[in-house]
Amino acid sequence: MNIEVAVIGAGPVGMAAAAFLHHAGVAVRVFEANPERAGQSRATTIHPRTLEVLDSLPDERGSLAARMVAAGNPVPAAHFATLPNRLDYTGLDTSFPFVLMLPQPETERLLAEHLAEQGVAIEYGWKLANLTQDEQGVAIVSESGDTQRVGYVVGADGAHSATRHALGLAFPGSPASTMGFLADVKLERPPAQSHNWDCERGSYSVFPLPGGIHRVFGHEPGDTGLTPEEAARRQALIPDETELLATLKRLADDDFGITEVVWASRTGDTTRHVEQYRAGRVFLAGDAAHVHLPAGGQGLNVGVQDAANLAWKLAAEVKGRAPQRIIDGPQSYDAERRPIAVRLAANTLAQAALMVTFTPGGKALRDLMSDLIGRDGDTADELRGWLSGLDVSYAEDGSLVGRRVPNLPLDDGRTLHRALRPDRLTLVAFGSTVAEGENVVRSTRDWHDLAAVLVRPDGYSAEVWTADEKITADWMER
């Protein structure tokens, strides 16, 4: 097989990118440095917009999203900076009005199964050492000397990305100043309240995951105000069961009966993102492009949404039918997704300040923000739209072009997201003014009083028409 796109990294972002590319008709292979799937929980939270983009990938259960929902634990609300008042998702205009709690090993298993069913290979134990590129393609070289000639490369190989290093790209930002604990454990006495914050002691959170596991994480005051060197030393000291027991006793006067530590790590507020998402024929996605405090599980979600944005554009480029505006113009991958990383960095740094400022002023700020969320007004709407991913938009000046299109019901019994094609745009008609066509669908519900909307494979609008506008004939070519 001639490899049109090589994906470096078989985490959730890399596998999602491979799945989107494959369904768009691209010959893709995944190369993973580890000899097998790591099995570490890491991210546990999947937000609605991520499930929406995965709902367009057909699967034995109807879609990959449906398979994931069946394996996870849906909960109706999300937290912002572990504040007491939650962001209610139940009223969101989506088929997935909840946060899905699904440990990363399960997410990776389901993605790997999906790729295997589709015949997409994952080559484990293949560690990138270098790459060179020219106008015709990219040569990727492993540490063992294996060389593969491919058309394009997607680097989804994490915060220490070998792809990014091979490109020589800078990774500017701010180093960690705090370093807390994070673990998946089995408990005899799980607490009733999930998030706890105390000005003197620090903070801890405990919440259930599928399979009788609980995620615990938190910070003590001594975990904050660190120099980069202190943070690095602390990060290298992974907490064992004895330390976790002692830490929880200090924070909660109870260790909750830890009987087993399944996995443990440290978590800090290092915040960085690359200044370009594309270098020639090589792209970066997920943690390879942006890292931050894992507040609210946003890293995995933004990374998968990176993949959804990139895949259809790259597929069009591979097939020689991409207009310049999606290659390096205003709708390109870099132009649309890099601003999202900037906003993500600000969002998570703000959460870090709310979570670990163990002072009277920090408490007052937490109380204020929690109260604003509890009123369920504009502040809650803004935060809910960002965390869920549903309000992420590429539109300018209030335009509907570049906005997410909801999962509209169609007259043939399907819904829009499952009707989207990975290799072409879909015209959604809201009346009888649009003729039948191969990729025309009709909605039984209105959207902003439009006559029609042209929807990209990632679910965002590419063009809109009102009732008094003529729908141009060239949309079928896009």
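The distance between the ring centers of H22 and H114 does not fall below 6.0 angstrom.
Evaluation of the salt bridge (charged side-chain N to carboxylate O under 4.0 Å, His left out) rule for R86 yields no partner, not counting sequence neighbours. Residues passing the salt bridge (charged side-chain N to carboxylate O under 4.0 Å, His left out) test with D391, sequence neighbours excluded: none.
No hydrogens or angles considered: a donor-acceptor pair under 3.5 Å links the side chains of T94 and E52. For the residue pair H47/Y89, the side-chain donor-acceptor check at 3.5 Å is satisfied.
Not one N or O on the side chain of Y394 forms a donor-acceptor pair closer than 3.5 Å with the backbone of Y460.
The side chain to side chain contact (heavy atoms under 4.5 Å, CB included) test with R281 singles out one residue from V150, V5, V138, L314, and that residue is V138.
Residues D306 and L310 fail the side-chain proximity criterion, which asks for heavy atoms closer than 4.5 Å.
Under the 4.0 Å criterion applied to side-chain N and carboxylate O atoms, E60 and R67 are assigned as salt-bridge partners.
Within the structure, side-chain hydrogen bond (donor to acceptor under 3.5 Å, both in side chains) pairs that include any residue of residues 163-172 comprise D157-T163 (at least two apart or interchain).
Taking the six-membered ring where the residue is Trp, H292 and H290 present parallel rings, their angle staying beneath 30° rather than reaching 60°.
Nearest heavy-atom pair, V401 versus A462, reported as atom, atom and distance to 0.1 Å: CG1-O, 3.4 Å.
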